Amino acid sequence: MELLLTGGAGFIGTAIARALLADGHGVHVLDRRPVSLPGVTSVIGDLRDHVVVAGALRGVDAVCHQAAMVGLGVDFTDAPDYVDTNDQGTAVLLAAMARARVQRLVLAGSMVVYGEGRYDCGAHGAVPAPPRRVADLDAGRFEPRCPSCGAELTPGSVGEDAPVDPRNVYAATKLHQEHLASAWARACGGVAVSLRYHNVYGPGLPRDTPYAGVAALFRSALARGEAPRVFEDGAQRRDFVHVTDVASANVAALASVGEREPGSFRAYNVGSGEIRTVGDLARALATACGGPAPVVTGEYRLGDVRHITADSSRLRNELGWRPRVSFADGMAEFAAEAPTVEAPVEAPDYARN
């Protein structure tokens, strides 16, 4: 297939481009930065530019949409940039796809659409975790409690059919991207797949930006000879998935879109299946880097969730995908890589994914 890959100069996009080339596809990358991968056609431009997007779609069979402004951001004043970049950019892309009759889409989704993960109460069964209160967090009470009886809840893994509950602006835009993709599929007879990534790490993960993931922040601290600063108590459960496994999930999803019912939308979690804590991550990187032990600070960010881990069985069962990189091997590789500094781009940057 001839594929348009938006955001292909970014961290995840670059890994996907390599995987698509290895699978024999023609790859055209639309990004605000050039791409130097041999065999890739680079289209430099803004996803919100109707003319640029229309030109990039010529001769294309399917779109892999990775371009996004990612991360929790600095504060709520980031909201216009997130909405303009993620929502408006996706709307322009889908409108152009409708005009060009390109009817296959794989979207970079995110686990943030769920808000908190699955929780169970011993007395009341599966219950939604209420929003965390500042008073509890200030007092060091980080675990969600049952809204009925107040008992501490037991976390579990979340499936794709779980209720969505985006708890920050970025999460809201990622859910809106899915809604736009689903509406486009129904209206245009297209096929859309959303891959809800969990915490992605690996070679090329950018450092030292307000939007950087926790793995990048920990590694940057260790590179400076400083201890990683772990928020809350370090027991936050996450699923850290290697970027090459995310890339292979995109290859599998693109292979499936031609076999799906026109007008359909399907979401898949993309996680390693290895449940680790943020403290585990900090300790693994500190050990691999030979740096100082992590410091647990008790600080928090109100927009963060306590626990979110993936049930990726749908992706495994329906598309035959399997993660290949273990947490131990991936963290050793990640620690050994020199941290990547992002090239400056006028904000907002479509390639931060």
Side-chain angles (χ1 to χ4, degrees), residues 1-45 47 56 59-68 70 104-110 193-207 212-213 215-216 219 240-258 268 270-272 312 315 319-327 329-343 345 349-353:
M1 284 192 292
E2 292 297 313
L3 302 171
L4 176 62
L5 172 61
T6 71
F11 162 52
I12 296 176
T14 300
I16 293 172
R18 292 194 182 100
L20 292 173
L21 289 170
D23 204 50
H25 298 289
V27 180
H28 308 259
V29 166
L30 171 58
D31 204 295
R32 295 176 69 180
R33 296 178 295 187
V35 178
S36 58
L37 287 177
V40 169
T41 301
S42 184
V43 180
I44 301 174
L47 191 60
V60 164
D61 302 305
V63 173
C64 185
H65 181 28
Q66 304 296 310
V70 304
R104 302 174 182 181
L105 172 70
V106 173
L107 170 68
S110 176
V193 168
S194 179
L195 298 176
R196 292 174 176 170
Y197 304 154
H198 282 247
N199 294 80
V200 187
Y201 73 98
L205 182 65
R207 70 174 193 184
R219 187 180 62 175
F240 299 99
V241 59
H242 196 272
V243 68
T244 59
D245 288 328
V246 169
S248 69
N250 277 270
V251 173
L254 283 162
S256 77
V257 290
Y268 293 95
V270 183
S272 70
S312 299
L315 182 60
L319 301 188
W321 173 85
R322 295 290 185 278
R324 303 295 181 188
V325 182
S326 70
F327 179 82
D329 290 344
M331 287 300 160
E333 173 201 42
F334 181 63
E337 182 198 33
T340 301
V341 180
E342 280 195 332
V345 180
D349 176 7
Y350 275 100
R352 282 183 181 146
N353 236 6

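These numbers come from a predicted model, not from an experiment.
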(message) So, taking the atom named CZ in R104 and the one named SG in C64, what distance separates them when rounded to the nearest 0.5 Å?
(response) 14.0 Å

(request) Identify the two heavy atoms, one from S272 and one from P323, that lie closest to each other, and give their separation to 0.1 Å. (result) O-CG, 3.6 Å

(message) Please verify the inter-ring angle class for F240 with Y201; under 30° counts as parallel, over 60° as perpendicular, anything in between as tilted.
(response) perpendicular

(message) To the closest 0.5 Å, what do you measure between CG (L3) and OG1 (T41)?
(response) 11.5 Å

(request) Check for a donor-acceptor pair, side chain of T6 on one end and backbone N or O of A67 on the other, with a separation under 3.5 Å. (result) yes

(request) Please name the residue in the list V63, V193, D61 that meets the side chain to side chain contact (heavy atoms under 4.5 Å, CB included) test with V257. (result) V193

(request) State which residue, out of V40, L254, N250, fulfils the side chain to side chain contact (heavy atoms under 4.5 Å, CB included) condition with L20. (result) L254

(message) Looking at Q66 and G8, would you say the former's side chain and the latter's main chain have a donor-acceptor pair under 3.5 Å?
(response) no

(message) Test of understanding: with side-chain hydrogen bond (donor to acceptor under 3.5 Å, both in side chains), list the residues that count as partners of S194, not counting sequence neighbours.
(response) E178

(message) Minimum heavy-atom separation for G39 and L21, please, with both atom names.
(response) O-CD2, 3.8 Å

(message) If I compare all heavy atoms of L319 with all of S256, which pair ends up nearest, and what's the gap?
(response) CD2-CB, 3.6 Å

(message) To the nearest 0.5 Å, what is the distance between NE2 on H65 and CG on L47?
(response) 5.5 Å

(request) Indicate the atoms forming the closest heavy-atom contact of A15 with V243, along with that distance. (result) CB-CG2, 3.6 Å

(message) On a heavy-atom basis, which atom in A216 and which in P206 lie closest, and how many Å separate them?
(response) CB-O, 3.1 Å

(message) If we ignore hydrogens and angles and just use 3.5 Å, is the side chain of S110 paired with the main-chain N or O of R196 as donor and acceptor?
(response) no

(request) Please confirm whether the backbone N or O of T244 pairs with a side-chain atom of H242, one donor and one acceptor, at under 3.5 Å? (result) yes

(message) Just to verify, which of I44, L5, L37 counts as forming a side chain to side chain contact (heavy atoms under 4.5 Å, CB included) with V29?
(response) L5

(request) Taking all heavy atoms of E2 and all of H28, pick out the closest pair and write down the distance. (result) OE1-NE2, 2.7 Å

(request) Taking S326 for its side chain and D329 for its backbone only, find out whether a donor-acceptor pair lies under 3.5 Å. (result) yes

(message) So does D245 get a backbone contact from the side chain of W321, meaning a donor-acceptor N/O pair under 3.5 Å?
(response) yes

(message) So does H25 get a backbone contact from the side chain of D23, meaning a donor-acceptor N/O pair under 3.5 Å?
(response) no

